[in-house]
Amino acid sequence: MPAELVPILVFLLVGLVAGWLAGLIMKGRGFGLLGNLIVGVVGAFIGSYLLGSFGVTIGGGIVSDIIGATIGAVVLLFIISLIKRG
């Protein structure tokens, strides 16, 4: 496996896990495998922005990446649920 693919695969894995966790946290509001991956990846950006804006540092490593991405994915699912209601 080429070395330049590893960070991309790790990023997608973090997004998938974060989207899955966010779907569980938000009581089944997930979107299936591909949808959860997208929610998790977008959530990673949202979580990184939100945590950075508030000056919150979780730590380093893949676990902290998953936590931050999950926080962002939960926020994204919450916003989506508000839009679906309206």
Side-chain angles (χ1 to χ4, degrees):
M1 176 182 308
E4 58 271 2
L5 285 181
V6 173
I8 295 170
L9 291 176
V10 169
F11 183 74
L12 291 176
L13 178 66
V14 166
L16 182 63
V17 170
W20 174 72
L21 287 172
L24 290 177
I25 291 168
M26 294 298 290
K27 298 182 181 122
R29 292 193 178 123
F31 295 101
L33 184 64
L34 183 60
N36 284 350
L37 175 63
I38 293 169
V39 167
V41 169
V42 174
F45 289 110
I46 293 171
S48 173
Y49 174 77
L50 287 176
L51 294 175
S53 294
F54 291 114
V56 176
T57 304
I58 297 174
I62 194 164
V63 173
S64 67
D65 291 342
I66 290 172
I67 292 169
T70 301
I71 291 169
V74 166
V75 169
L76 179 60
L77 286 176
F78 178 73
I79 291 170
I80 290 171
S81 70
L82 289 177
I83 292 171
K84 280 187 170 182
R85 283 188 205 166

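In what follows, every heavy atom counts, from backbone to side chain, and hydrogens, waters and symmetry copies are set aside.
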Undergrad: I'd like to check the side chain to side chain contact (heavy atoms under 4.5 Å, CB included) partners of P2; sequence neighbours left out, ordered by chain and number.
TA: E4, L5
Undergrad: Going from CG on L76 to CD1 on I71, what distance comes out if it is rounded to the nearest 0.5 angstrom?
TA: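 Those atoms lie 14.0 Å apart.
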Undergrad: Residues in side chain to side chain contact (heavy atoms under 4.5 Å, CB included) with L12, at least two apart?
TA: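 Partners of L12 under the side chain to side chain contact (heavy atoms under 4.5 Å, CB included) test: I8, L37, V41.
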Undergrad: Please tabulate, one pair per line, all N/O donor-acceptor pairs under 3.5 Å involving side-chain atoms of residues 52-70, not counting sequence neighbours.
TA:
{"residue": "S53", "atom": "OG", "partner": "Y49", "partner atom": "O", "Å": "2.8"}
{"residue": "S64", "atom": "OG", "partner": "G59", "partner atom": "O", "Å": "3.3"}
{"residue": "S64", "atom": "OG", "partner": "G60", "partner atom": "O", "Å": "3.4"}
{"residue": "S64", "atom": "OG", "partner": "G61", "partner atom": "O", "Å": "2.9"}
{"residue": "T70", "atom": "OG1", "partner": "I66", "partner atom": "O", "Å": "2.6"}

Undergrad: When rounded to the nearest 0.5 angstrom, what is the spacing between CZ in F78 and CD1 in I83?
TA: 11.0 Å
